[in-house]
Amino acid sequence: MATKKQFAVIGMGRFGFSVADSLSKMGYDVLAIDSDEHRTQAVSNIVTHAVSADSTDEEALRALGIRNFDVVVVAIGEDIQASILTTLILKDLGGPVIVVKAQNELHGKVLQKIGADKVIYPERDMGLRVAHHLTSPNILDYIELSEEYSILEIRASTQVIGQNLKELNVRAKYGCNVMAIKREGKMNISPDASDRLSDGDILVIVGHKDDLMKLERAYAQI
Ligand code: ATP
């Protein structure tokens with residue numbers, strides 16, 4: 001039987017707290033670390049263990065047995081130096097997959113260079129999603145997959161209701177692909193060309209960012 005993954009989250013700001021809280025609610029063991037005692041106290045009832053420690057202190061991390069965790073999330077935002085130092089120490093100690101929150105692109109680049117396994121940009125990504133949603137009420141979500149490709153969730157507008165995917169033809173018109181159709185909370189992940197769109201349907205479309213932008217612009221007019 002596979003053992004449950006063990007997580008450590010360093011930095012109990014809003015983001016770190018939310019990650020620790022969510023993992024805990026999902027049933028995982030979480031060690032929460034923060035140099036500020038008030039912050040560890042605030043999370044102590046939610047996670048398995050909460051410890052006050054400075055993550056730039058190698059000995060402190062060693063003593064916490066950080067090497068034995070599967071994943072460590074570094075959620076120190078503002079103090080970029082502390083975030084980088086912590087990541088370096090974790091990398092040196094070896095063991096867990098290291099996921100780090102970046103404050104900006106430059107911070108992210110440094111983190112990547114020193115060997116962070118995954119760099120995340122919560123503010124930037126959320127800003128992007130909200131901006132796309134704001135351009136048209138039909139656009140429900142926008143998720144970046146890579147520098148070039150993204151996924152768009154778009155509500156079927158009255159103009160396209162009744163059409164099938166062949167008639168809609170987003171592949172020829174925009175070079176994008178309809179990956180799935182959400183209907184009444186259910187997801188059809190292999191939609192057929194003959195599938196007709198109904199009121200309330202949500203299309204999940206994957207494509208190059210430039211192509212999705214064209215599609216979005218066309219939809220924004222509607
Ligand atoms: P938010 O997620 O709320 O936007 P943020 O990204 O601005 O927060 P900060 O508030 O800068 O993040 O830091 C998050 C937490 O990290 C704070 O609670 C802070 O006490 C903690 N922290 C900062 N440096 C260290 C360190 N060296 N060791 C442990 N915890 C630290």
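Indexing begins at 1, ligand by ligand and atom by atom, following the structure's order. The model shown is predicted, which means the values in this text are computed figures rather than measured ones.
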Identity and distance of the protein heavy atom lying nearest [atom]:
atom                    : value
atom 28 (N) of ligand 1 : Ser55 N, 3.0 Å
atom 16 (O) of ligand 1 : Gly11 CA, 3.3 Å
atom 23 (C) of ligand 1 : Ile76 CG2, 3.7 Å
atom 11 (O) of ligand 1 : Glu78 N, 2.9 Å
atom 13 (O) of ligand 1 : Gly77 N, 4.0 Å
atom 15 (C) of ligand 1 : Asp34 OD2, 3.4 Å

Nitrogen or oxygen atoms of [X] and ligand 1 under 3.5 Å apart:
X     : value
Phe15 : yes
Asp79 : no
Arg14 : yes

Answer yes or no: is there an ion pair linking [X] with [Y], defined by an N-O contact shorter than 4.0 Å?
X      : Y      : answer
Lys109 : Glu105 : no
Glu167 : Arg196 : yes
Arg129 : Asp141 : yes
Lys25  : Asp21  : yes
Arg14  : Glu123 : no

Can a donor-acceptor pair be found, under 3.5 Å and without considering hydrogens, that links the side chain of [X] to the backbone of [Y]?
X      : Y      : value
Arg67  : Leu93  : yes
Gln163 : Val160 : no
Asp192 : Asp195 : no
Asp125 : Pro122 : no

- Neighbour count above 12 (heavy atom, 6.0 Å) for Asp199 CG: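 It does not: Asp199 CG has 12 such atoms or fewer within range.
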_Taking 4.0 Å as the limit for heavy-atom contacts, which would you say applies to Arg39 with ligand 1: side chain only, backbone only, both, or neither?_
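The side chain, only.
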Exercise. Should the pair His132 and Tyr142 be assigned to parallel (<30°), tilted (30 to 60°) or perpendicular (>60°) ring geometry?
Worked result: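 The arrangement is parallel - the two ring planes meet at less than 30°.
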As an exercise, identify every atom of ligand 1 less than 4.0 angstrom from a heavy atom of [X].
X      : answer
Ala75  : 14 (C)
Lys101 : 1 (P), 2 (O), 4 (O), 5 (P), 6 (O)
Met12  : 15 (C), 18 (O)
Ala53  : 28 (N), 29 (C)
Asp36  : 20 (O)
Asp54  : 26 (C), 27 (N), 28 (N)

* Asked: Taking the minimum heavy-atom distance to atom 29 (C) of ligand 1, which of Ser35, Gly13, Ala60 ranks first?
  ->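 The nearest heavy atom belongs to Ser35.
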